[in-house]
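Here is the structure we will look at.
These numbers come from the heavy atoms of this one structure, side chains and all, not from hydrogens, waters or symmetry mates. First listed ligand is number 1; within each ligand, the first listed atom is number 1. Position 1 is the first residue of the sequence; numbering continues from there.
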Amino acid sequence: MSNFQIEAQNCANDINNALDEALSKEQFFEPYGAIPKHLLLAMRHGTLNGGKRLRPLLLRQTAAIFNVPHEQTIIAGMALEMVHCYSLIHDDLPAMDNDDLRRGQKTVHKEFDEATAILAGDNLLTLAFEILASPKDHKETELRLKLISELAKSAGACGMVGGQMLDLASENETLSLKEIDNIHAMKTGALIRASVRMGAIIGLASDRELIALTKYGELAGRAFQLADDILDETATDRQLGKTTGKDKKSGKATLVANIGVKESKVKLLEIIEQAKAALSLFGEKANSLRASVDYFGQRES
Ligand code: GRG
């Protein structure tokens, strides 16, 4: 295994263990009683069913530039994953992408039912902010508020939710490359940008450092989405653990639909190089972040 693979695996193990514990029955007794069992099972299904945990990895790698130990990035990493998993659960619903398969398993509304899937997503979103507010990893109130604000803005109407709205409205519409880019930046890029910025916030980055890392985060988000669109066109259902080719079928505006797979791959490599260049300020300390964006370009699932 490469250093990147080992690092990604360690991060995924840490986050999986922490999520498993956070989504256990005992956590939910006070003050109103236990969480309804069905709801908890649905939340666990949508969260602990695989997942590469790339957002916590970016957060952890960014914080490591500032010598923050991994243990102090677990809660923020879990909060990112909870928001990410909620978005996938809701995205799979019949009212949105209407998918039966996610991470190689039945989607939450297929395994349970639609109402349960909506509520499981809602509760993951709420829980993300509940755990971020806890002083366990970060004693300083101001730091916690900054993390909460960063995650809320990225997940909200000017970020992921707004991007999803624009994306749904764009089906069978002709969009300019700039408009497509903007939808991608909001829908997928915002949470990736926030992952990096939250790592920088935990690391008490200076303004100059935060600007450089934000640029990296934005470019990494673009690379991630473009790679996803290329995979949607070129990979198999089995490889991705979800239904592929849906963008084309639904007439969704993607860069790949506009410029083709070959040119998209060239563009992807350009964006990856720009992302790595944005890290020049940090020298070798940012090598892990460089490896992550390289992985975005090479991933097969
Ligand atoms: C429903 C509010 C709301 C938003 C949905 C993220 C999103 C917005 C929709 C998902 C559609 C999609 C497949 C977008 C492409 C990028 C993406 C988020 C891929 C999945 O992320 P990975 O590869 O997933 O990190 P894992 O399974 O590894 O966690």
Notebook entry, point to check: Can you tell me how far the CD1 atom of I271 sits from the CZ atom of R222, to the nearest 0.5 Å?
Noted result: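 Taking CD1 in I271 and CZ in R222, the distance rounds to 4.0 Å.
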
Check: How many angstroms lie between atom NE2 of H84 and atom CG of L124, to the nearest 0.5 angstrom?
Finding: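 Going from NE2 on H84 over to CG on L124, the span is 11.5 Å.
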
Check: Taking distance alone, with no angle check, do D228 and ligand 1 share an N/O pair under 3.5 Å?
Finding: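 No, there is no polar N/O contact under 3.5 Å.
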
Item checked: Backbone or side-chain N or O of R55 under 3.5 Å from ligand 1 N or O -> yes

Checklist line | Residue portion contacting ligand 1 (non-hydrogen atoms closer than 4.0 Å) for D91 | finding: both

With heavy atoms of [X] as the reference, note each atom of ligand 1 found under 4.0 Å away.
| X | result |
| --- | --- |
| Y86 | 2 (C) |
| H90 | 1 (C) |
| G51 | 26 (P), 27 (O), 28 (O), 29 (O) |
| V161 | 2 (C) |
| K52 | 22 (P), 23 (O), 24 (O), 26 (P), 28 (O), 29 (O) |
| R103 | 26 (P), 27 (O), 29 (O) |
| Q225 | 15 (C), 16 (C) |

Above 12 or not: heavy atoms from other molecules or residues under 6.0 Å from [atom1] of [X]?
| X | atom1 | answer |
| --- | --- | --- |
| E142 | CD | no |
| K136 | NZ | no |
| E284 | CD | no |

Check: Do you know which two heavy atoms are closest between I89 and A117, and how far apart they sit?
Finding: CG2-O, 3.3 Å

Margin query: Exactly one of N49, D97, D92, T107 should register a side chain to side chain donor-acceptor pair (under 3.5 Å) with R102. Which one does?
Written below: D92

